[in-house]
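Take a look at the structure below.
Please read all numbers here as calculations on a predicted model, not as lab measurements.
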Amino acid sequence: MANITVADTQISTDGKAIPLLGFGTAEYPFGSSANVKEHLLDAIRLGYRHFDSAALYLSEQPLGEAVAEALALGLVNSREELFITTKLWCSDAHGDRVVPALQTSLKNLGLEYVDLYLVHWPACVKAGEYELPVKKEDLLPFDYESVWKAMEECQKLGLAKSIGVSNFSCKKLEKLLSISEIPPAVNQVEMNPLWQQQKLREFCKEKGIHITAYSPLGAKGTFWGTNRVMECEVLQEIAEAKGKTLAQVCLRWAYEQGVSVVVKSFNIERMKENLGIFDWSLNPDELNKISQIPQKKGFPGVEFISPNGPYKSAEELWDEGI
């Protein structure tokens, strides 16, 4: 298998560069796939070096096994060649649970550190379960100060090279920045041609926060995903004219926006196709057509909205970004 080199960008002064195309490990239902380790080894053989995991996904252990085997087989020369992200689940979003949660993740991964540790949602539930949807009766207010102070401690202890967040709006980032000693290096959010996140991207650029895009193809096959991206006529026409797949057009578009993007496929041919986005570009007319696609959020996060919880409406969860 040909080994492709993926472009990267620096995300924080002391962290290392993040490869701009990452490999997602969330298979829904979580933990339902057999042979995850083998799929991850295939990804490493093809040239993927950035792997996105989370406590919720139940993928940390097979990812750790794949990393160990890749090192043993000489597919990579050292751990430093890989960029590993994992995430703090809402049930551990309590000040005193953050460091132990990362230590558990590191044990699952068989690693001494992760390159990036993210707060998965600006949401908290009672300690215990790793599940999505969460139980609405378990929703609790998210304590920015204690959670972020503990995230900063993860970085100071060397357990995470960089720290960040996921699913945070401009308003929630503002709040976090106002109390942080170490600002978030990354905000991982839903982003694709049907949900382009223009305002959030501008805000993050101004604040020096790198964006990673999840669901770049619309997350078809998950309980929150839809076929809307993959069936978008504008994207189909561009793909046809270019002799590329629609997925390649979406990934190239995200790459040209200067964000990193995490894409998940355990199909070897698609894994190869998804890497084939670096030796061509979209022209101004195509970019203009994509910029005019009507916008609709794919993952509204209704699981975190409850009349008795901290977020009583989508507007309260997403602020300006809905």
Side-chain angles (χ1 to χ4, degrees), residues 1-9 18-28 39 42-43 46-52 166 186-202 204-205 210-222 224-299 321:
M1 290 184 223
N3 193 312
I4 291 169
T5 303
V6 174
D8 58 23
T9 190
I18 186 169
L20 291 169
L21 183 66
F23 192 85
T25 64
E27 176 83 333
Y28 195 79
H39 297 311
D42 286 340
L46 288 170
Y48 290 93
R49 293 294 178 264
H50 168 188
F51 291 87
D52 183 79
S166 181
V186 170
N187 187 18
Q188 186 181 121
V189 294
E190 178 188 1
M191 180 180 155
N192 56 57
L194 274 70
W195 190 244
Q196 298 183 16
Q197 296 275 27
Q198 195 67 42
K199 186 180 176 190
L200 182 65
R201 282 194 279 138
E202 283 165 15
C204 287
K205 190 174 182 182
H210 174 77
I211 288 221
T212 297
Y214 74 73
S215 300
L217 311 178
K220 181 184 166 183
T222 64
W224 65 87
T226 71
N227 300 345
R228 280 201 308 268
V229 174
M230 298 304 278
E231 290 173 358
C232 172
E233 280 182 26
V234 173
L235 297 173
Q236 284 172 348
E237 285 165 14
I238 293 171
E240 222 163 279
K242 277 263 186 278
K244 301 292 176 187
T245 67
L246 188 145
Q248 286 174 322
V249 170
C250 290
L251 297 173
R252 178 69 201 188
W253 172 81
Y255 172 69
E256 290 189 19
Q257 308 311 305
V259 305
S260 56
V261 58
V262 169
V263 64
K264 189 242 123 205
S265 176
F266 289 164
N267 173 302
I268 194 93
E269 291 309 315
R270 286 197 211 107
M271 285 157 69
K272 286 181 199 170
E273 272 174 14
N274 292 342
L275 281 167
I277 63 165
F278 298 107
D279 58 353
W280 57 279
S281 58
L282 294 161
N283 65 43
D285 181 51
E286 290 160 342
L287 288 167
N288 184 46
K289 281 179 184 162
I290 292 172
S291 74
Q292 291 178 39
I293 294 173
Q295 297 294 287
K296 186 170 178 174
K297 188 166 186 49
F299 191 0

As a quick check of understanding, evaluate salt bridge (charged side-chain N to carboxylate O under 4.0 Å, His left out) for Glu202 and Lys199, giving each step before the final call.
CA-CA 5 Å; Glu202 283 165 15; Lys199 186 180 176 190; over 6 Å; no

So, taking the atom named [atom1] in [X] and the one named [atom2] in [Y], what distance separates them when rounded to the nearest 0.5 Å?
X: Thr212; Y: Leu20; atom1: OG1; atom2: CG; value: 8.5 Å
X: His210; Y: Lys205; atom1: NE2; atom2: NZ; value: 12.5 Å
X: Asp42; Y: Ile268; atom1: CG; atom2: CD1; value: 3.5 Å
X: Ile290; Y: Leu235; atom1: CD1; atom2: CG; value: 5.5 Å
X: Gln248; Y: Asn274; atom1: CD; atom2: CG; value: 7.5 Å
X: Glu190; Y: Phe299; atom1: CD; atom2: CZ; value: 8.5 Å

If you draw a 6.0 Å radius around CZ in Arg228, do more than 12 non-hydrogen atoms from other residues or ligands fall strictly inside?
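Check passes, neighbour count above 12.
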
Inspect the surroundings of CD in Glu240 and state if more than 12 heavy atoms from other residues, nucleotides or ligands are less than 6.0 Å away.
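Check fails, neighbour count at 12 or below.
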
Are any side-chain N or O atoms of [X] and backbone N or O atoms of [Y], one a donor and one an acceptor, separated by less than 3.5 Å?
X: Asn192; Y: Ser215; value: yes
X: Tyr48; Y: Met271; value: yes
X: Arg252; Y: Gly276; value: no

Minimum heavy-atom distance [X]-[Y], with the two atoms named:
X: Gln295; Y: Pro193; value: NE2-O, 3.0 Å
X: Ala213; Y: Met191; value: CB-CB, 3.6 Å
X: Leu287; Y: Trp253; value: CD2-CD1, 3.9 Å
X: Cys232; Y: Leu246; value: O-CD1, 4.0 Å
X: Ile18; Y: Ser260; value: CD1-OG, 3.9 Å
X: Leu217; Y: Met230; value: O-CG, 3.6 Å

For side chain to side chain contact (heavy atoms under 4.5 Å, CB included), just list the numbers for Gln197 and Gln257, CA-CA rounded to whole Å, side-chain angles, deciding distance to a tenth of an Å, and then say yes or no.
CA-CA 11 Å; Gln197 296 275 27; Gln257 308 311 305; over 6 Å; no

With side chain to side chain contact (heavy atoms under 4.5 Å, CB included) as the test, would you mind laying out the steps for Leu200 and Val189 before giving the verdict?
CA-CA 10 Å; Leu200 182 65; Val189 294; 3.8 Å; yes

Is the Lys NZ or Arg CZ of Lys264 less than 6.0 Å from the centre of Phe266's six-membered ring, within 45° of the axis?
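That pair qualifies as a cation-pi contact.
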
Among pairs that include at least one residue of residues 279-296, which meet salt bridge (charged side-chain N to carboxylate O under 4.0 Å, His left out), considering only residues two or more places apart or in two chains?
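The answer is Lys242-Glu286, Asp285-Lys289.
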
Are the side chains of Gln188 and Asp52 in contact, using a 4.5 Å heavy-atom criterion?
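Yes, close enough: below the 4.5 Å cut-off.
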
Are the side chains of Phe23 and Val262 in contact, using a 4.5 Å heavy-atom criterion?
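Val262 does not reach Phe23 side chain to side chain.
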
Working note: Val259 + Arg201, criterion side chain to side chain contact (heavy atoms under 4.5 Å, CB included); need CA distance, chi angles, decisive distance, verdict.
CA-CA 9 Å; Val259 305; Arg201 282 194 279 138; 4.0 Å; yes

